[in-house]
Trainee: 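I have a structure here, written as structure tokens, and I will follow up with some questions on it.
In what follows, every chain begins at residue 1, and chains take the letters A, B, ... in the order their sequences are listed. No experiment lies behind these values; they were computed from the predicted model shown.
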Amino acid sequence: MARDAVEAAWHRATASGALPPLPEGTALDVAIERPANVEHGDLATSLALRLARPLRRPPAAIAGALADAITVGSGEPIVEAAVAGPGFVNLRLADAAIEAFLDTARAEPAAWGRVDGPRSGRRVNVEFVSANPTGPLTVGNARGAFVGDLLCRVLEAGGQQVTREYYFNDSGAQVRNLGASVLAVRAGDPVPEDGYHGDYVADLASELPAGIAAGAEGSPEAATWETGRWASERIRAGIEATLDSLGVHFDVWKTEGSLHAEGWVDRAVERLRAGGHLYEQDGALWFRSTAFGDDKDRVVIRSNGEPTYFASDIGYVTEKLSRGFDHLIYIWGADHHGTVARVQNAAQAMGYDRAAVEILLTGWVSFVRGGVEVSMSKRAGTFVSLDELLAEIGPDAARWFFASRGANVNIDFDIELAKKQSNENPVYYVQYAHARIASILRKAAEAGLAAAPSLRGSLAGPEEATLARIVTRFPEVVEDAAEAQETQGVTTYATELATAFHAFYRDAKVVDAANAGRSAARLALVDVTRITLANALGLLGISAPEAM
RNA sequence: GCGCCUGUAGCUCAGUGGAUAGAGCGUCGGCCUCCGGAGCCGAAGGUCGCAGGUUCGAAUCCUGUCGGGCGCGCCA
């Protein structure tokens, strides 16, 4: 709203010659900020400061011309525009404009906070988690799951079409190892050195159907593979159930085996060969990754004829892009950063837009329990499963924890602390505000009071004005989140909005039969606050309870 | 050794070149005749690791340096 007004003012100022046009290649980035000091106005733009350099003019002069070009007065969305400080233009919004804007939220709550961003309509594939099904998901997988799903939600809010994809290996040596481990436990033998030791292996061993344990052909090798595949699928189904309880649902489960079976890997390798990007050495086939800036070349086909994992990656890129995606996003743990360049290099070598392959790395999570770091080796069987974590702190609190932190920073997660503080967790604070409003609305209904259909004229007092102005910011918060592909801004905003509501609640009596008119107006404002809290939480995949 | 990430309040973390660097938790002090006290109000607490540089302006960008994490396979 304010952004549009400032942008329009800019165009008027340049059209009239009051300001010079933007130099070629400079974007008009109208940054709308909230002044640190509320007395400076509702909003401020630092546009003049940002343009001082490209326009080669003093910021104050630009700000002056910009402020002059902003249409102010009654009937306009902005009632006051003033230059302040080094070149800010402080803006004061008209109550009527805010009221009308908030009415649109109540008219169509589902659309409130869905924005038409610059990437609107883009088809994007987001692949995340992708843990091989050799054991249950651990707390180590939690970050990828939440970060991935949160990213998808933010992209969707920005109008993008998102496919959530999970990639796993159902045919490799680990599957055989898993089978051997299960059979060993079943037979009462020690688990092989490189096998899997967790309790889940024993559970699988006891549930393993005799027919599979024996093997279709009766040979031990066949039995091992069959058991491995059976166990792997059981585990995969368990992983899906765990993710389900997190609120994470995948659209596509893709196996590495299918990439080979469908010829994607072979065709991708052929494509690289045709482009002259491959060479043979020491019996292996290498990709000339250094030609694209990598620090060494990478093996695609081993000297024993087996393709590498990297070969599968290459095939997968072509397979994904063949499905019509405009953009691919991978979410990997920070320990995989060494493989980022080679995948992008290969994509570029095959003729794709390098920028279409985006790889986001999540920082490390140190899970700590009572001050002691929890180790997470599936093979050693010493780990905390994601299911256990969720049983202790719940998906809403866990989601908030990851949503409020940057994806690529290392963080400490003390499980005991998270449990102990769970009732003091900001997520409950925000949910409480929502439940409190729901309670107020129920109370009002009992008293025969209804919210006014329109907020027009309802921002009478300073309490209303303050809360309404914060609600108004929501779409811009979502827009920023979609642009930055991050959710921290949303948690910060939700907390701020909850705080503003609690303050409003303290100062303004909402349900008041003695003053039905004012009550109706305040109910309308409280209702749009509730919608905004619910949408902010919904954007994060967190529930918005009617009662707690 | 080389590469990537990272260092902000006692703790966990926000802060996308802009005005007086914020939140939660913890600590201290107040607020329950009244719509939900999972709440509200206030206080203490900071050389933004350190040193240079870039410019009107740097927690933010650049260089160096110190500390932490992770990588540097014909593993996945």
Side-chain angles (χ1 to χ4, degrees), chain A residues 29 31 33 35-37 40 44 46 48-50 52-53 58-60 84-88 90 130 132 134 169 172-174 256 281-286 295-296 298-313 333-341 361-364 366 400-401 404-406 408-414 417-418 420-433 435-444 446-447 449 480 483-484 486 488-489 491-492 495-496 498-499 501-503 505-513 519 522-523 526 547-548:
Chain A
D29 177 25
E33 296 144 27
N37 186 338
H40 288 157
S46 56
L49 289 158
R50 291 169 190 279
R53 200 188 313 273
F88 290 99
N90 291 331
S130 295
N132 277 329
T134 55
N169 185 355
Q174 350 175 41
E256 185 180 353
Q281 186 181 307
D282 303 330
L285 195 60
W286 298 71
D295 53 359
K296 57 184 74 169
R298 308 291 173 177
V299 172
V300 177
I301 307 290
R302 288 177 250 183
S303 52
N304 68 3
E306 294 288 321
T308 60
Y309 186 86
F310 173 49
S312 302
D313 278 342
D335 52 338
H336 285 80
H337 75 251
T339 59
V340 170
L361 301 175
T362 61
W364 211 248
S366 299
W400 184 278
F401 182 87
S404 60
R405 288 151 172 79
N408 64 341
V409 299
N410 297 338
I411 51 182
D412 288 337
F413 193 125
D414 190 315
L417 210 59
K420 203 175 75 181
Q421 296 182 347
S422 62
N423 282 344
E424 305 298 330
N425 193 308
V427 69
Y428 297 105
Y429 178 80
V430 175
Q431 289 182 319
Y432 179 72
R436 214 176 195 185
I437 295 175
S439 170
I440 290 173
L441 295 175
R442 284 192 298 270
K443 189 81 66 176
E446 286 168 19
L449 295 166
D480 289 345
E483 169 65 26
E486 288 179 343
Q488 303 97 285
T491 57
T492 303
T495 305
E496 207 176 315
T499 299
F501 164 71
H502 286 306
Y505 173 86
R506 179 192 70 228
D507 297 329
K509 179 91 173 162
V510 178
V511 179
D512 185 3
S519 226
R522 287 181 173 174
L523 282 166
V526 152
M548 295 175 69

Trainee: Report yes if a side-chain nitrogen or oxygen of A:Arg442 is closer than 4.0 Å to either non-bridging phosphate oxygen (OP1 or OP2) of B:G36; otherwise report no.
Mentor: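 No, A:Arg442 has no side-chain N/O under 4.0 Å of OP1/OP2 on B:G36.
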
Trainee: Taking only the side-chain heavy atoms of A:Ala84 (C-beta and beyond), determine which of B:G36, B:A19, B:U6 contains the nearest atom.
Mentor: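 From the listed options, B:A19 comes nearest.
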
Trainee: Measuring from atom CD1 of A:Ile437 to atom CZ of A:Arg442, what distance do you get when rounded to the nearest 0.5 angstrom?
Mentor: 11.5 Å

Trainee: With the side chain of A:Asp412 defined as its heavy atoms from C-beta on, choose the nearest nucleotide among B:C74, B:C40, B:U12.
Mentor: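 For the A:Asp412 side chain, the nearest candidate turns out to be B:U12.
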
Trainee: A:Ala284 near the nucleic acid: base, sugar-phosphate alone, or nothing, with a heavy-atom cut-off under 4.0 Å?
Mentor: base

Trainee: Counting only distance, no hydrogens or angles, is the base of B:A19 paired donor-acceptor with the side chain of A:Asn90 under 3.5 Å?
Mentor: yes

Trainee: To the nearest 0.5 Å, how far apart are CG in A:Asp282 and CZ in A:Arg302?
Mentor: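 Separation between the atoms: 15.0 Å.
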
Trainee: Mind checking A:Val510 for me? I need base, sugar-phosphate or nothing, with any heavy atom below 4.0 Å counting as a touch.
Mentor: base

Trainee: Using the P atoms only, state how far B:C56 lies from B:A14, rounded to an integer number of Å.
Mentor: 32 Å

Trainee: For A:Tyr505 and B:C35, are the ring centres under 5.5 Å apart with planes inclined under 30°?
Mentor: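 Stack criterion met.
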
Trainee: Is the base of B:G3 touched by the side chain of A:His337 through a donor-acceptor pair closer than 3.5 angstrom?
Mentor: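 Indeed there is one.
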
Trainee: Check every strand shown and say whether A:Ile411 touches a base, only sugar-phosphate, or nothing at a heavy-atom separation below 4.0 Å.
Mentor: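 The residue A:Ile411 makes sugar-phosphate contact but no base contact.
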
Trainee: Would you please enumerate the stems RNA chain B participates in, each stem being three or more consecutive Watson-Crick or G-U wobble pairs with both distances under 3.5 Å?
Mentor: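 Ordered by first number, the stems with RNA chain B (at least 3 consecutive pairs each) read B:1-7 with B:66-72, B:10-13 with B:22-25, B:27-31 with B:39-43, B:49-53 with B:61-65.
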
Trainee: With a non-hydrogen cut-off below 4.0 angstrom, is A:Ser404 in contact with a base, only sugar-phosphate, or nothing?
Mentor: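 Sugar-phosphate only.
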
Trainee: C1' atom, B:G3 versus B:G46: distance in rounded Å?
Mentor: 33 Å

Trainee: Would you mind classifying the nucleic acid contact of A:Asp480 as base, sugar-phosphate or nothing, using non-hydrogen atoms under 4.0 angstrom?
Mentor: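 Base: the residue A:Asp480, judged by heavy atoms under 4.0 Å, touches a nucleobase.
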
Trainee: OP1, OP2 of B:C74 versus side-chain N and O of A:Arg298: anything below 4.0 Å?
Mentor: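 No, A:Arg298 has no side-chain N/O under 4.0 Å of OP1/OP2 on B:C74.
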
Trainee: Contact class for A:Ala433 (heavy atom, under 4.0 Å): base, sugar-phosphate, or nothing?
Mentor: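 If one applies the 4.0 Å heavy-atom cut-off, A:Ala433 turns out to touch nothing in the nucleic acid.
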
Trainee: Tell me the closest heavy-atom pair linking A:Phe310 and A:Val299, and the distance in Å.
Mentor: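 Smallest heavy-atom distance, with atoms named: CD2-O, 3.7 Å.
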
Trainee: What nucleic acid atoms does A:Ala547 come within less than 4.0 Å of, heavy atoms only: base, sugar-phosphate, or nothing?
Mentor: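 Base: the residue A:Ala547, judged by heavy atoms under 4.0 Å, touches a nucleobase.
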
Trainee: Using the P atom as the reference point in each nucleotide, state the distance between B:G69 and B:U12 in Å, no decimals.
Mentor: 14 Å

Trainee: Indicate, with a heavy-atom threshold strictly under 4.0 Å, whether A:Asp282 touches base, sugar-phosphate, or nothing.
Mentor: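 Answer is base: heavy atoms of A:Asp282 come under 4.0 Å of a base.
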
Trainee: For B:G36 and A:Arg506 - does any side-chain N or O of the residue sit under 4.0 Å from the phosphate oxygens OP1/OP2?
Mentor: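 Answer is no, no contact under 4.0 Å.
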
Trainee: What is the nucleic acid contact for A:Tyr429, judged by heavy atoms within less than 4.0 Å: base, sugar-phosphate only, or nothing?
Mentor: sugar-phosphate

Trainee: With respect to the side chain of A:Gln488, which nucleotide from B:G15, B:C74, B:C35 is positioned closest?
Mentor: B:G15

Trainee: If each of A:Lys296 and A:Asn425 is mapped to the nucleotide of RNA chain B with the nearest heavy atom, which maps nearer the 5' terminus, i.e. the 5' end?
Mentor: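 Its nucleotide being nearer the 5' end, the pick is A:Asn425.
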
Trainee: Could you tell me whether A:Ala435 contacts a base, only the sugar-phosphate backbone, or nothing, with contacts defined as non-hydrogen atoms closer than 4.0 Å?
Mentor: base

Trainee: Using a 4.0 Å heavy-atom cut-off, does A:Gly406 contact any base of the nucleic acid, only the sugar-phosphate backbone, or nothing at all?
Mentor: sugar-phosphate

Trainee: Does A:Lys509 reach a base, just sugar-phosphate, or nothing at all? Heavy atoms under 4.0 Å.
Mentor: base

Trainee: Indicate syn or anti for B:C32, taking the glycosidic torsion and treating anything within 90° of 0 as syn.
Mentor: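 The base of B:C32 is oriented syn (glycosidic angle within 90° of 0).
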
Trainee: Checking only heavy atoms, does the side chain of A:Ser303 share a donor-acceptor pair with the base of B:C74 at less than 3.5 Å?
Mentor: yes

Trainee: Kindly compute the distance separating NE2 (A:His502) from OH (A:Tyr432), expressed to the nearest 0.5 Å.
Mentor: 6.5 Å

Trainee: In terms of the nearest nucleotide of RNA chain B, which residue is placed more toward the 5' end: A:Pro307 or A:Gly363?
Mentor: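 The residue whose closest nucleotide sits nearer the 5' end is A:Gly363.
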
Trainee: Quick one: which of B:C74, B:G69, B:A23 gets closest to the side chain of A:Thr495?
Mentor: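 For A:Thr495, the side-chain atoms sit closest to B:A23.
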
Trainee: Please give me the minimum heavy-atom distance between A:Gly333 and A:Leu361, naming the atom from each residue.
Mentor: O-CD2, 3.7 Å

Trainee: Categorize A:Ala508 for me: base, sugar-phosphate, or nothing, with a 4.0 angstrom heavy-atom threshold over every strand shown.
Mentor: base

Trainee: Identify the two heavy atoms, one from A:Gln488 and one from A:Arg405, that lie closest to each other, and give their separation to 0.1 Å.
Mentor: CG-C, 3.6 Å

